[in-house]
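Below is one structure, written out as structure tokens, with a few remarks after it.
Just so it is clear, the values below take in all heavy atoms, side chains as well, and ignore hydrogens, waters and symmetry mates. So that the names make sense, note that chain A is the first sequence line, chain B the second, and so on, each numbered from 1.
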Protein chains: 2
Amino acid sequence: MTYSEENYLKIIYHLSVVSKADISTNAIAHEMQTKASSVTDMLKKLAEKELVSYQKYQGVSLTQKGFFAAKMIVRKHRLWEVFLVEKLNFTWDEVHEIAEELEHIQSDKLINKLDEFLDFPSKDPHGDPIPDRNGNLPKVEKQLLSELAINKTGICVGVKDSSTSFLQYLDKQKIALGTQIKVIEKESFDNSLTIEINGNKLLITNKIAGNLFVKTI
Amino acid sequence: MTYSEENYLKIIYHLSVVSKADISTNAIAHEMQTKASSVTDMLKKLAEKELVSYQKYQGVSLTQKGFFAAKMIVRKHRLWEVFLVEKLNFTWDEVHEIAEELEHIQSDKLINKLDEFLDFPSKDPHGDPIPDRNGNLPKVEKQLLSELAINKTGICVGVKDSSTSFLQYLDKQKIALGTQIKVIEKESFDNSLTIEINGNKLLITNKIAGNLFVKTI
DNA sequence: ATTAATTTTTAGACAAAACTAAAAATATAT
DNA sequence: ATATATTTTTAGTTTTGTCTAAAAATTAAT
């Protein structure tokens, strides 16, 4: 598989996790930051290789083969992220771009030895689950902070958006994986929330709350 | 720089270390396992970027800029090899191919943090020196075993050929970096050598002796 | 010093992955 | 139901790095 094919497969996988329905050409083009016509070309190539099932004008879905391949790319990405943070002391907002490159390194033996070296982690630095060598994904129980009821407390277990800017915002507000967050108040006009962290109150927008995963306790 | 440009630069660097004179198109084609016409195309591109100085029909040499860039690629390659052997327990004959991919990962921060994680090694698993972040190469004092005089003893400090088959031959004969080797006899007809390792005598061909570096003691 | 052999370069093509512009299919709105 | 808007596909280019075949330059040989 080429570098580009792997990137498409990964994008289709991520879109599939969210949507269930077939993935549209435009949705892929948007994620890949490319043009719809380029996507069409690539979908034909992936269909030819039986990595996706594709019907003209009807979008795509991953085949079993494509699904497994995508999970292996995600596995590599997330394991490298763990390596970068745990072993090389990168911060969680620095690792995504580097892992985007490292995920394309071929060797299965490498990734399995890396997995062992890292002591078989089940989650990456952003709380996302890491598929094992057979493609099994640990099921992570979580909900968006924006969906948490008033007076309920959750533990931060992941982020939906793992962009540098969002992660740095969280750092600034002293929100990390494992942090306890209690919902104090919800403003119905703009859906902003007042939350309590370590005894301090903090006002956050709905956009922030919609990108933070918590687990209720 | 593209993946392919980096590979050309690295090959030109390796040929330069050996030959001093300008590097011929054919020599590069042979190393790259490609055609001379492809090499010509690439040399024009590298010259355009001022990474090599190139005169039609006269071969190429690296510019200062190209020399530094090449050393950074070699640095990455060798540091990753150390990582694979020291941290992931790969054997020295398995790491070259994987490092060929890893050497193209971009981030400077990554490679400097890796360097630190590995405790700033000066040599890779095959005894080759690792350039530091400024491009300085530790000078390694060594000579080929084939050039060692009779009755002299040397310590194995490196290999010229780091192919899997040669390294596995050395493993089979219990020759590793640090092994003491004494030259007992040289057969002038075929230039084969009788050597002594750990008290045992061993007959090796000139080809073997011509690919093993030793340091006299 | 010519001729022959080798090396190197040019010219033209091709595959991968992207693009633009236009056509076709699907979805939406009145 | 028909017109309009949107989405998707096709057709034709472009760029990167490769190739083959032929031409040009260099090197070797008599």
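Among residues at least two apart or in separate chains, side-chain hydrogen bond (donor to acceptor under 3.5 Å, both in side chains) pairs with a member in residues 55-70 of chain B are Ser53(B)-Ser61(B).
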Pairs under 3.5 angstrom, nitrogen or oxygen only, protein versus nucleotides 25-28 of chain C, please.
{"residue": "dA25(C)", "atom": "O4'", "partner": "Tyr57(A)", "partner atom": "OH", "Å": "3.4"}

Protein and nucleotides 20-22 of chain C: nitrogen or oxygen contacts under 3.5 angstrom:
{"residue": "dT20(C)", "atom": "OP2", "partner": "Lys35(A)", "partner atom": "NZ", "Å": "2.8"}
{"residue": "dT20(C)", "atom": "O4", "partner": "Ser37(A)", "partner atom": "OG", "Å": "3.0"}

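Remark: Glu31(A) engages no residue in a salt bridge (Lys or Arg N to Asp or Glu O under 4.0 Å) (not counting sequence neighbours). For Phe83(B), the ring pair (Phe, Tyr, Trp, His ring centres under 6.0 Å) test picks out Phe83(A), Trp80(B), with sequence neighbours left out. Tyr3(B) pairs by the ring pair (Phe, Tyr, Trp, His ring centres under 6.0 Å) definition with His104(B), not counting sequence neighbours. A search for side chain to side chain contact (heavy atoms under 4.5 Å, CB included) contacts involving Ile150(A) returns Val183(A), Lys186(A), not counting sequence neighbours.
Looking at Val157(A) and Leu177(A), their side chains never come closer than 4.5 Å, going by heavy atoms from C-beta outward. Side-chain contact check for Val214(A) versus Lys142(A): every heavy-atom pair is 4.5 Å or farther apart. Counting only heavy atoms from C-beta outward, the side chains of Glu187(A) and Leu193(A) never approach each other to under 4.5 Å. Side-chain atoms of Thr194(B) and Leu203(B), non-hydrogen and from C-beta on, do get closer than 4.5 Å to each other.
Under 4.0 Å is where a charged nitrogen must lie from a carboxylate oxygen, and between Lys10(B) and Glu103(B) at least one such pair does. Using a cut-off of 4.0 Å between Lys/Arg side-chain N and Asp/Glu carboxylate O, Lys76(B) and Glu100(B) are scored as not salt-bridged.
For the contact set between residues 40-52 of chain B and DNA chain D, defined by any heavy atom under 4.0 Å, the members are Asp41(B), Lys45(B). Of the residues in residues 4-28 of chain B, those placing a heavy atom less than 4.0 Å from an atom of DNA chain D are Ser4(B), Tyr8(B), in numerical order. Near-neighbour residues of DNA chain C inside residues 66-74 of chain B, defined by a heavy atom below 4.0 Å, are absent.
Note: CD (Gln55(B)) to P (dT8(C)) measures 15 Å, nearest angstrom.
If you check every strand for non-hydrogen atoms under 4.0 Å, Tyr3(A) touches nothing.
Within 6.0 Å of the NZ atom in Lys113(B), the count of heavy atoms belonging to other residues, nucleotides or ligands exceeds 12.
Side-chain contact check for Thr91(B) and Asp93(B): at least one donor-acceptor pair (N or O, by modelled atom type) lies under 3.5 Å.
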Please list, one pair per line, the donor and acceptor atoms closer than 3.5 Å that link side chains of residues 32-49 of chain A to other protein atoms, with sequence neighbours excluded.
{"residue": "Thr40(A)", "atom": "OG1", "partner": "Ala36(A)", "partner atom": "O", "Å": "3.2"}
{"residue": "Lys49(A)", "atom": "NZ", "partner": "Glu5(A)", "partner atom": "OE1", "Å": "3.0"}
{"residue": "Lys49(A)", "atom": "NZ", "partner": "Glu5(A)", "partner atom": "OE2", "Å": "3.0"}

Quiz: residues 114-131 of chain A side-chain donor-acceptor pairs under 3.5 angstrom, not counting sequence neighbours:
{"residue": "Asp115(A)", "atom": "OD2", "partner": "Arg75(A)", "partner atom": "NH1", "Å": "3.2"}
{"residue": "Asp115(A)", "atom": "OD2", "partner": "Arg75(A)", "partner atom": "NH2", "Å": "3.1"}
{"residue": "Asp124(A)", "atom": "OD1", "partner": "His126(A)", "partner atom": "N", "Å": "2.7"}
{"residue": "Asp124(A)", "atom": "OD1", "partner": "Gly127(A)", "partner atom": "N", "Å": "3.1"}
{"residue": "Asp124(A)", "atom": "OD1", "partner": "Asp128(A)", "partner atom": "N", "Å": "3.0"}
{"residue": "His126(A)", "atom": "ND1", "partner": "Glu81(A)", "partner atom": "OE1", "Å": "3.1"}
{"residue": "His126(A)", "atom": "NE2", "partner": "Trp92(A)", "partner atom": "O", "Å": "2.8"}

